[in-house]
Amino acid sequence: MSALYLGVDLGSSGLRLAVLADAGAPGGEPDAPVLALQAPYPGRFEEPEAWRQGLIQLLAAVPEQIRRRVTALAVDGTSGTLLACGPGGRLLLPPLAAALPYHQACPEQAGAIATLLAAEAGAGAAEDGAWADHPAASSSGSLARALRLLALAREAGLAQGLLLRHQADWLMGWLLDDWRWGEEGNNARLGWDLQQGRWLPGVAEGLGAGALPSIRSSGRRLGALAAETAATLGLPADCQVVAGGTDANAAVLAADPQEGDGIAVLGTTLVLKQFVAAPLAGAGLSNHRVGGRWLAGGASNAGAGILRRFFDDAQIAELSRQMTPDRPTGLALRPLSRRGERFPVDDPELEPILEPRPASDARYLQALLEGLTAIEVAGWRRLRQLGAPELRRVISVGGGARNSQWRALRARALGVPVLNRPKRTAALGMALLARASSRMGADSLLPRP
């Protein structure tokens with residue numbers, strides 16, 4: 001029986017998995033995997049036990065004959081969701097029992113961030129703002145959340161032996177029964193310097209080197225599943241765990257972009273990514289290495305998640321058919337799910353604008369989608385201003401990529417072709433990464449210029 005490769009996505013709204021066979025074998029093509037499943041978390045998103053139990057329950061739904069052929073797996077998580085845990089990944093009591101989610105801003109940590117990053121930038125940097133465009137500088141980033149978690153730990157007397165781990169890294173630790181590791185992309189906004197391959201000195205000193213993970217690149221094999229974990233999941237004992245990535249980077253792998261393509265992840269939040277010749281600098285911006293190339297982009301706190309506050313999926317589908325994309329509503333909504341924005345502007349105090357609400361539900365849905373489209377237009381414009389190449393085409397992935405009327409709104413506003421690829425999920429991207437780690441190396445995943 002041929003080998004199979006498992007990808008797991010810890011998304012904003014739930015878990016997804018995808019299983020791929022070898023390229024050329026049945027079930028080996030990205031649009032026709034062996035299996036694709038999804039389920040909500042069996043608990044609150046911020047609860048690590050919901051991540052672990054969710055994976056256990058989702059894999060229990062996979063036929064045993066498939067599980068027994070999985071030779072490698074990779075996991076992605078929401079970029080920036082950060083947990084403080086004890087030695088060996090042990091979960092702590094309140095106020096540290098839950099993770100701080102990716103959208104949680106910590107503006108009270110702005111001064112501490114400036115001090116830590118100024119240590120790297122040099123004398124006078126705190127005063128002249130030379131550190132302000134660093135990926136870890138935002139009060140909406142992982143470093144700010146880490147500083148809040150450390151403050152809570154010190155107040156509770158729990159700082160001794162504390163570990164700071166992002167969502168995917170914590171679950172990866174459980175898979176291996178080894179919490180040493182962290183994947184580089186997940187840790188870029190915590191203070192990992194991708195170009196230098198090291199933690200920023202000020203961050204390592206301020207957080208404590210012992211609290212930070214040892215970083216490995218996406219696609220690197222870390223070892224076999226722990227025996228107890230393999231038995232719990234029903235996977236082979238020699239199944240290899242591969243360092244995964246962020247959910248947005250996983251979606252990029254699945255999208256298979258070409259030169260000039262931008263990738264829009266239309267999930268609970270809106271994420272924009274574009275390959276660049278060299279890292280870009282700008283507030284709210286992040287740079288990652290994917291397939292051996294630099295990938296720049298940003299994530300808004302706005303996204304398709306706001307739609308479910310007002311409509312269920314069936315209503316969205318029906319109301320979308322009643323929309324008139326060629327006739328704008330003229331309502332300038334800002335569909336943030338809560339106060340605070342990360343990109344294209346980095347402003348933790350920015351307020352949502354969700355009114356006025358017209359009598360027609362179809363018109364209101366269109367206005368919300370127009371607001372999301374306006375954020376996307378501003379995001380691509382921001383990337384171009386910072387040095388990204390001219391946008392020639394946008395590939396859309398995520399749940400929102402199923403909505404053809406939204407695609408029409410976006411194509412009209414962007415002035416470039418927009419392609420929807422809803423089957424190209426982040427879980428699929430992780431399955432491709434797991435397969436690549438076994439067959440040809442992560443650098444072969446994407447075409448080079």
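Side chains included, hydrogens not; waters and symmetry mates left out as well; all remaining heavy atoms used.
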Is a side-chain N or O of [X] found less than 3.5 angstrom from the main chain of [Y], in a donor-acceptor match?
{"X": "Asp9", "Y": "Arg16", "answer": "no"}
{"X": "Glu183", "Y": "Gly185", "answer": "yes"}
{"X": "Trp199", "Y": "Gly191", "answer": "no"}
{"X": "Glu29", "Y": "Ala32", "answer": "no"}
{"X": "Thr81", "Y": "Tyr102", "answer": "yes"}
{"X": "Arg165", "Y": "Ala211", "answer": "yes"}
{"X": "Thr229", "Y": "Trp174", "answer": "yes"}
{"X": "Arg435", "Y": "Gly28", "answer": "yes"}
{"X": "Glu46", "Y": "Ala98", "answer": "no"}
{"X": "Gln104", "Y": "Pro101", "answer": "no"}

Any heavy-atom pair between the side chains of [Y] and [X] that's under 4.5 Å?
{"X": "Glu376", "Y": "Val394", "value": "yes"}
{"X": "Leu391", "Y": "Arg384", "value": "no"}
{"X": "Trp406", "Y": "Thr373", "value": "yes"}
{"X": "Gln167", "Y": "Leu171", "value": "no"}
{"X": "Leu272", "Y": "Arg382", "value": "no"}
{"X": "Leu83", "Y": "Leu149", "value": "no"}
{"X": "Pro325", "Y": "Arg412", "value": "no"}

- Item | Result of checking Lys273, Arg392, Arg393 against Asp261 for salt bridge (charged side-chain N to carboxylate O under 4.0 Å, His left out) | Arg393
- Message: Quick test of your reading: applying ring pair (Phe, Tyr, Trp, His ring centres under 6.0 Å), list the pairs with at least one residue in residues 242-270, sequence neighbours left out, ordered by first then second residue.
- Response: none
- Does NZ or CZ of Arg289 lie under 6.0 Å from the centre of the six-membered ring of Trp294, at an angle within 45° of the ring axis? yes
- Message: Using 0.5 Å steps for rounding, measure from the CD1 atom of Ile306 to the OG1 atom of Thr268.
- Response: 11.0 Å
- Check each of Arg421, Lys423, Arg424 against Asp31 using the side chain to side chain donor-acceptor pair (under 3.5 Å) test, and report the only one that passes. Arg424
- Give the intermediate values and the outcome of side-chain contact (heavy atoms from CB on, under 4.5 Å) for residues Asp177 and Glu228. CA-CA 9 Å; Asp177 193 22; Glu228 184 176 348; over 6 Å; no
Checking [Y] against [X]: is there a side-chain donor and acceptor pair closer than 3.5 Å?
{"X": "Ser300", "Y": "Glu341", "value": "yes"}
{"X": "Thr269", "Y": "His103", "value": "no"}
{"X": "Ser396", "Y": "Arg410", "value": "yes"}
{"X": "Tyr5", "Y": "Asp22", "value": "yes"}
{"X": "Arg189", "Y": "Ser140", "value": "no"}

- For the residue pair Tyr364 and Phe310, categorise the inter-ring angle as parallel (less than 30°), tilted (30 to 60°) or perpendicular (more than 60°). perpendicular
- Query: What's the verdict on side-chain contact (heavy atoms from CB on, under 4.5 Å) for Phe311 and Glu318, showing C-alpha distance, side-chain angles and the deciding distance?
  - Reply: CA-CA 10 Å; Phe311 311 110; Glu318 174 57 33; over 6 Å; no
- Leu432 and Asp256: side-chain contact (heavy atoms from CB on, under 4.5 Å), yes or no, with the steps? CA-CA 11 Å; Leu432 286 164; Asp256 188 27; over 6 Å; no
- Item | Asn187 and Asp169: CA distance, side-chain angles, deciding distance, side-chain contact (heavy atoms from CB on, under 4.5 Å) verdict | CA-CA 9 Å; Asn187 289 278; Asp169 293 342; 3.0 Å; yes
- Task: Please say whether more than 12 non-hydrogen atoms of neighbouring residues, nucleotides or ligands are located less than 6.0 Å from CD in Glu390.
- Result: no
- Message: For Glu64, is there an ion pair with Arg67 - N to carboxylate O distance below 4.0 angstrom?
- Response: no
